[in-house]
There are 2 protein chains.
Amino acid sequence: MSRPTIYDVARESGFSIKTVSRVINEAPNVRSETVARVRAAIELLQYHPDPAAQRLGGGKLPTVGVVVDSVDDPFFAQVIAVIEARAMDAGMDVLVASTGMDETRMRTQIRRLARRGVAGLVVAPFGDTRTVEEALPDDVPVVVIDRKCGVTSKDVVRVTDEQGATDAVRHLVARGHRRIGFLGKLSAFDTLVDRFNGYERALTEAGIEVDPQLVETRAWTSDEAYPYALAMLATSDAPTAVFAASPMMGLGVLRAQQRLHRQDVALVIFGDYPVAELMTPPTTVVDQRPVALADTAFDHLVRRIQDPDAEVLDTVLPTLLVPRGSGELAPRGVA
Amino acid sequence: MSRPTIYDVARESGFSIKTVSRVINEAPNVRSETVARVRAAIELLQYHPDPAAQRLGGGKLPTVGVVVDSVDDPFFAQVIAVIEARAMDAGMDVLVASTGMDETRMRTQIRRLARRGVAGLVVAPFGDTRTVEEALPDDVPVVVIDRKCGVTSKDVVRVTDEQGATDAVRHLVARGHRRIGFLGKLSAFDTLVDRFNGYERALTEAGIEVDPQLVETRAWTSDEAYPYALAMLATSDAPTAVFAASPMMGLGVLRAQQRLHRQDVALVIFGDYPVAELMTPPTTVVDQRPVALADTAFDHLVRRIQDPDAEVLDTVLPTLLVPRGSGELAPRGVA
DNA sequence: AGGCGACATGACAGCGCTGTCAACACCCCG
DNA sequence: CGGGGTGTTGACAGCGCTGTCATGTCGCCT
């Protein structure tokens, strides 16, 4: 009445449990006829191996763990969705854990999943190199996503942050903007620094000097960004365009614009967000393409699981500038 | 060098593994001094029980499974986030699985998690009563969320769909609207039918007849809703207000409005969505309060895990009308 | 014909826990 | 002072797998 075990399959098929185990794990050196008979018995009994037992017996759980800042951040939600889909195809389950942007909690969550015996881990880390390197386990395959954080011992999949930012700001410069604001907390992630560098590069190559008045690096959440954005837009020599280095910064700017009833400030946000195309004007973004990122991360995780000694990869995927309207606005007062 | 086991703790503390096991599981009849000594040993060795072994030994995994339509739907993403947070506090992990709105896949995913030995399951089901009742396991505690689907054998946590819809439509009626459109696929979920009933009720009590021209029940995704919304808004006797029975329908309407350059159509969407407050005009919604829902669901799940024979609960939480602008627009042409 | 290696299968011992049951020490009561 | 709880602890047998090692069977080469 209870779930069938490997013994039931063994009895039914007439082979030993070890042979059944071999069939399950697609081990070599089993006669194809034997495989067929065992498979038939498995099918007949509707047998499914118990992951806990497989794990205890010596293997890993058919499970991948995903550790991200927060599960309901749209970016990470998409990442999780892709990983979940890929894992399902591979017959694996997905454990999720969030760090809430807390280093201790990040460490705890990673350790917990590692202890649990997951086959692999996808982690969006943060903190300085040392913290992150220490938090990442060496006995479990890990792929780091989105942020490198100086990690060199693990596979990393991220995007061209600097180039993406450069593209965004060049886009604004091409529309004639010369006073372009920047919002983004540099101390938070290395990615933010890259994005600032991209901003700086685009300005410099256009012969525009970076105006410290237009660079706001204190805000982290959108709530924090809002007053700064408000202040920046309200000054007499306000920027005619803004580059928001993250969706959170972008939302702060949008709130400020809404508050000031201004729809004439050009805006490009690094990172797409839900319904950006329905805003007034629709928001131009630098798409980080979370789907491609997660897909690649999963590929690399599988590779690492199969060959723990494979060469360490640092994959940098291109971003995509998506013009929707807000980024194509001409400078105020110009036709 | 390897992870410490219960034997290490036993040796270190001077007790048997069984006593250590008792301490871990907070079993009764253990002297407090013994507990203290064992705890000290656990602390010293940094011991953490192996979930797989606990499971095999006879218990359940310290894990809850969450099965939803899709992981990156903002509503479910929030649900998952809350469950994850609560689970973490309870020392549990969270397995996520999505159904992709496919009955077979729903069944597969639920079975898989159940087999895995999770302690409990939170499921957003769909399909007719029979399908769902069959898909839900009886040997694992389950809490059904968001949609009842006729389930009577499990705890259910949902919201006042009909009342919420009535509130929304009354709100529009109170602003003077008499031609109010409805968008929502009734055949999809029982919740949608409830929302339509709420719509009908609010109209009826205001002495307004339901105009079939203004009721669109074919669309399911926002892509499908878009052309219908477009058509509805473009007719000569177009509605002055629209009640979108789900965020997807709402996005369809918003796209249509954007396309038609119309910001004068009053709109209330059932279900909040990201940055709704930044739209032009900001979108008035009926908040389903996913956080409260998930919180309650987790409470009920814990209750059910502790007492499998507890009375079956059907909890219906109130929704919250959030006026933000779009729902307060007067009918076209009226001051 | 004898022997060796490649293939195919099985016996058995864990993996790290928990459940069952037994053992033992006390305590209360008649 | 003996019987029968009650509280506290431990020995031991699994749970359902996989790893190791042994066993048996051919086919082929010398």
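In this text, all values refer to a predicted model and were calculated from it rather than measured experimentally.
- Only B/Thr34, listed by number, bring a heavy atom of residues 32-40 of chain B to less than 4.0 angstrom from any atom of DNA chain D.
- Sorted by first and then second residue, the side-chain hydrogen bond (donor to acceptor under 3.5 Å, both in side chains) pairs involving residues 303-312 of chain A (not counting sequence neighbours) are A/Asp155-A/Arg304.
- Residue-level contact check: B/Arg55 touches neither bases nor backbone, having no heavy atom under 4.0 Å from any strand.
- Residue contacts shown for B/Ile24 are absent, as no nucleic acid heavy atom lies under 4.0 Å away.
- Between A/Pro49 and A/Ile24, the shortest heavy-atom contact is CG-CG2, 4.1 Å.
- Salt bridge status for B/Asp299 with B/Arg86: present, with a side-chain N to carboxylate O gap under 4.0 Å.
- Where the helix from C/dA1-D/dT30 to C/dG30-D/dC1 starts and where it ends, the local axes point in directions that differ by 50°; five pairs per end, rounded to 10°.
- Look at B/Thr19 and you'll find a side-chain N or O under 4.0 angstrom from OP1 or OP2 of D/dG10.
- The residue B/Asn29 sits close to a base: some heavy atom pair falls under 4.0 Å.
- What you find for B/Ala81 and A/Asp72 is that their closest heavy atoms are CB-CG, 3.9 Å.
- Between B/Arg37 and B/Glu33 a salt bridge is recorded (basic side-chain N to carboxylate O distance below 4.0 Å).
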Please tabulate, for side-chain N and O atoms in residues 106-114 of chain A, each donor-acceptor pair with protein atoms closer than 3.5 Å (sequence neighbours left out).
unit_1, atom_1, unit_2, atom_2, d
A/Thr108, OG1, A/Thr104, O, 2.8
A/Gln109, OE1, A/Arg112, NH2, 3.0
A/Gln109, NE2, A/Ser98, O, 2.9
A/Gln109, NE2, B/Glu84, OE2, 3.1
A/Arg112, NH1, B/Met92, O, 3.0
A/Arg112, NH1, B/Asp93, OD1, 2.9

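- Think of the region where chain B sits on DNA chain C: with heavy atoms and a 4.0 Å cut, that region ends 5' and 3' at C/dG16 to C/dT20.
- Closest heavy-atom contact between B/Asp295 and B/Val82: N-CG1, 3.8 Å.
- For the pair B/Pro28 and B/Ala53, both in contact range of DNA chain D, the more 5′-proximal nearest nucleotide belongs to B/Pro28.
- Here A/Tyr7 lies in heavy-atom contact (under 4.0 Å) with a base.
- The two residues B/Tyr47 and B/Ile6 come nearest to each other via the heavy atoms CE1-N, 3.5 Å.
- Using a 3.5 Å distance cut-off with no hydrogens or angles, the side chains of B/Thr131 and B/Asp128 do pair a donor with an acceptor.
- The distance from atom NZ of A/Lys18 to atom P of D/dC21 is 12 Å, rounded to the nearest whole Å.
- With DNA chain D read from its 5' end, the first of the two nearest nucleotides for B/Ser16 and A/His48 is the one closest to B/Ser16.
- Here A/Glu134 pairs with A/Arg130 under the salt bridge (Lys or Arg N to Asp or Glu O under 4.0 Å) rule; sequence neighbours left out.
- Taking 4.5 Å as the limit, every side-chain heavy atom of A/Arg115 sits out of range of all side-chain heavy atoms of B/Asp50.
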